[in-house]
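Everything numeric here is computed off the predicted structure, so don't read it as measured data. Proteins get letters first, then strands, A, B, ... in listed order; numbering begins at 1 in each.
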There are 2 protein chains.
Amino acid sequence: MNPPTDSSDALRARKSIERSVSMADVAKLAGVSGQTVSRVANGHSNVDATTRDRVLDAMKTLGYRPNVAARALRTGRSGSIGVIMFSLSTFGNRKTLDAIAMAAADEGYATTLIPILHPSQGAVSDAFVRLSEQAVDGVVIVIEAHVLDSAEIVLPAGLPVVIVDSDAGERYTVVDTDQYQGAQLATQHLLDLGHPQVWHISGPPSSFSAARRTQSWRATLEAANIVPPPVLIGDWSTTSGYELAQSLVARPEVTAIFAANDQMALGAMMAIHEAGREIPASISVVGFDDTEESGAFWPPLTTIHQDFVAVGRLCIDKLIAEIVGGHDTTGTTLVATRLVARSSTAPLGGTPH
Amino acid sequence: MNPPTDSSDALRARKSIERSVSMADVAKLAGVSGQTVSRVANGHSNVDATTRDRVLDAMKTLGYRPNVAARALRTGRSGSIGVIMFSLSTFGNRKTLDAIAMAAADEGYATTLIPILHPSQGAVSDAFVRLSEQAVDGVVIVIEAHVLDSAEIVLPAGLPVVIVDSDAGERYTVVDTDQYQGAQLATQHLLDLGHPQVWHISGPPSSFSAARRTQSWRATLEAANIVPPPVLIGDWSTTSGYELAQSLVARPEVTAIFAANDQMALGAMMAIHEAGREIPASISVVGFDDTEESGAFWPPLTTIHQDFVAVGRLCIDKLIAEIVGGHDTTGTTLVATRLVARSSTAPLGGTPH
DNA sequence: CCATATCATGTTTACGTGAACATGCAACAA
DNA sequence: TTGTTGCATGTTCACGTAAACATGATATGG
């Protein structure tokens, strides 16, 4: 049992762990008012050079660090940006998060991750509850917008938002890779190589990116007066690519496959290998993403490179503009992709490499 | 319903974007004091059931959300856990972060990402400055500890810390995959298949995991009375695996390669293919990580599976224990790996599959 | 010379919360 | 009855910061 201590020493010692240096401490040491310390800390101009140096010295001596909680309470700004996404399982999410975090750090913002445990309605709502409890100045949402619509989700009013992987450009600020252009590039590349038809392994329809890529693939074929074959609907995983491709490889007329991401392309290539057909001599394969590994697949995969760094940068730039500007904006900004031609594609009937 | 508004209407309207519902608003509506609202919000028991319901109703009506900044200022707890790591470029980092974020969310903590732009001394120090400016209750550091030592880094005193990828168990709480056991599993697997020697493509020496795997590989060979060949030092990338393996594949006596991660294993397999040798008939390859794709490599890669979910869970559990307990702990907790045998390994001189 | 503008700096206050302490009421024992 | 206990609830205050306002000193113009 703990009898109350007469002197506050014991408590002090225990609390001192958390106890940090405040403006008042700095002010005392520098012989100025707290307000002057505040001015120096925030880089205001109207402070005498001598005084400023004295304050800076005191800060350094005491190891002063501003208390963000107090600052956030006072100013309503937390210096933190929230990111809501399903788990980091997809390559795109992971790269996007990475790029956002880097760009945010660059601008002096921290990144608060608000993961969604499983893609259920309730879990998404939970994420927004957690979000509204966290002090964030803005949010980047990396979930297709229709999920937002279907859930009874209320974005805190006036909270700046940028959405990735969505077509909600009329209502929100949207930044994304130009999925349409990318898929066109992939499909056209195969057509240009002389393939009379291009089969497509798509991502899950719940993903806007996936739907958009499929749409573009279809349009590109139709523009070439080709009737698109049925879509094979995958779920981004190598396994799904493998299983779906198995139905294709037995048919000799299938000579070109466009997979909606590199992982499914990898799975498809595995099925092709197992069927004893040659890539690209017998079948050409194009992926989408350009992961770090795809250049080392066997054979090295022709794919669409996404510029995630640019996407992340734009997200943060637009978000900060909204935060500082104080008003919501709308509109869609797309980042172009480029085709990375490697050895998994060749002219119809052509030779590898 | 709405209380009559006074002359400050215009200002109010403009500010109302950020202006959120406070305890005072709830208190007024429920006809109680702010303190009672606080008690309800924090689940204290000494509130009459009737009163509690009235307050909860008012909260719901107004859409009350506690202000974390104010709470953090008052309590010294932010409900947020910081994660410091180099960019998400490695599979391990990415999975670890994912697991940490999930486990933290599960415990009601947000995850604040503090990325390090480039692995320079200054950048690491910067991260710690940003850290100390962010209100976090604890930190998970996913950087080898010797980097911490070499930089003039001061961890805020008393801040609970858990370190991943380190051997600093005597000074900190360390959670990690059992790298040693994993590398032993990999090496022994190849020896058990009858290979007289196992070559090793390692990760960068700056990584503790890499060093540890190399150490274990060497020890396992020595325990079998085999003199380890020179280590080939890679950098985790497929490219490095590819380039390093090229020097190996020309030598027929090389029949077994243990790469310190799946990406380098993939690169090595590419070099093997290009040299015209068969996997696993002519050379066996083992990786480390068990990425989502490795089962679809050609051939499917035998590798060491890491349980990142367990690592993340343990990080958070131990961190929260320190946060709640209020005292630092030390000690190392290792999570076991398991061998996933696929088709990239076979008995010496054996047949594929 | 004084009036006034200018600028560095100090003082007061409020942001929203929750701990500590105060109050008031009901139940109960003596 | 009256004091005592226990419990629900209210009041006061401080956390660290920065905006708003106040002050006092110096420079400038007529």
Side-chain angles (χ1 to χ4, degrees), chain A residues 4-5 8 11-12 14-55 58-59 62-79 132-135 137, chain B residues 8 11-12 15-55 58-59 62-79 132-135:
Chain A
T5 47
S8 58
L11 184 63
R12 271 268 157 165
R14 226 171 295 142
K15 290 217 78 172
S16 72
I17 292 172
E18 283 298 323
R19 169 75 184 165
S20 64
V21 182
S22 79
M23 279 192 167
D25 302 321
V26 175
K28 198 160 74 177
L29 180 61
V32 298
S33 75
Q35 186 54 41
T36 299
V37 178
S38 172
R39 281 189 267 256
V40 172
N42 291 291
H44 291 202
S45 56
N46 50 343
V47 179
D48 187 79
T50 326
T51 312
R52 160 170 286 117
D53 289 347
R54 203 145 32 90
V55 171
M59 283 180 173
L62 297 175
Y64 169 77
R65 289 286 141 207
N67 178 317
V68 274
R71 177 174 285 176
L73 176 59
R74 190 66 183 82
T75 63
R77 295 268 181 87
S78 65
S132 59
E133 288 183 348
Q134 280 307 315
D137 297 342
Chain B
S8 62
L11 183 64
R12 273 270 159 161
K15 291 217 76 173
S16 72
I17 292 174
E18 282 298 321
R19 170 75 182 165
S20 63
V21 182
S22 78
M23 280 192 166
D25 301 321
V26 176
K28 198 159 73 178
L29 181 60
V32 298
S33 75
Q35 187 53 40
T36 297
V37 178
S38 171
R39 281 189 267 256
V40 172
N42 292 290
H44 290 203
S45 56
N46 49 344
V47 179
D48 188 80
T50 326
T51 313
R52 159 170 289 117
D53 288 346
R54 201 144 36 90
V55 171
M59 283 180 173
L62 298 174
Y64 170 76
R65 288 288 140 205
N67 178 317
V68 274
R71 179 175 283 176
L73 176 59
R74 190 63 183 84
T75 63
R77 294 268 180 87
S78 65
S132 58
E133 288 184 348
Q134 280 307 315

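When rounded to the nearest whole Å, the span between CD of B:Q35 and P of C:dG24 equals 18 Å. Straight-line distance from the CG atom of A:D48 to the P atom of C:dC7: 13 Å, rounded to whole Å. Per the geometry, CZ belonging to A:R71 stands 22 Å off P belonging to C:dA14, to the nearest Å. Atom CZ in A:R77 sits about 14 Å away from atom C1' in D:dA19, given to the nearest Å. Between the CG atom of A:N42 and the P atom of C:dA8 there is a distance of 16 Å, rounded to whole Å. For the pair A:Y64 OH and D:dT17 P, the computed distance is 4 Å after rounding to whole Å. As rounded to whole Å, 13 Å separates atom C1' of D:dG10 from atom CG of B:N46. If you measure from atom CG of A:D53 to atom C1' of C:dT9, you get 16 Å, rounded to the nearest angstrom.
The 5' end of DNA chain C is approached more closely, in terms of each residue's nearest nucleotide, by B:V68 than by the other of B:V68 and B:R39.
What you find for A:D137 and A:S78 is that their closest heavy atoms are OD1-N, 2.7 Å. Taking every heavy atom of both residues into account, A:A135 and B:V68 meet most closely at N-CG2, 3.1 Å. Listed here is the closest heavy atom pair of B:V26 and B:V55: CG1-O, 4.0 Å.
Taking only side-chain atoms of B:T51, from C-beta outward, the nucleotide of D:dT17, D:dA8, D:dA20 with the closest atom is D:dA8. Here the nucleotide nearest the side chain of B:M23, chosen from D:dA18, D:dG10, C:dG18, is C:dG18. Closest contact between the side chain of B:R74 and the listed nucleotides D:dC15, C:dT9, D:dG16 involves D:dC15. Listed candidates were C:dA19, D:dG16, D:dT9. Nearest to the side chain of A:L73 is D:dG16.
Nucleic acid contact for B:S38: base, since at least one base atom lies under 4.0 Å from a heavy atom of the residue.
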- Task: Quick one: do A:R71 and A:N42 satisfy side-chain contact (heavy atoms from CB on, under 4.5 Å)? Show the steps, please.
- Result: CA-CA 11 Å; A:R71 177 174 285 176; A:N42 291 291; 3.7 Å; yes
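Using a 4.5 Å cut-off on side-chain heavy atoms (C-beta onward), A:V37 and A:M59 make contact.
The side chain of B:T36 contributes an N or O atom lying less than 4.0 Å from OP1 or OP2 of D:dG10.
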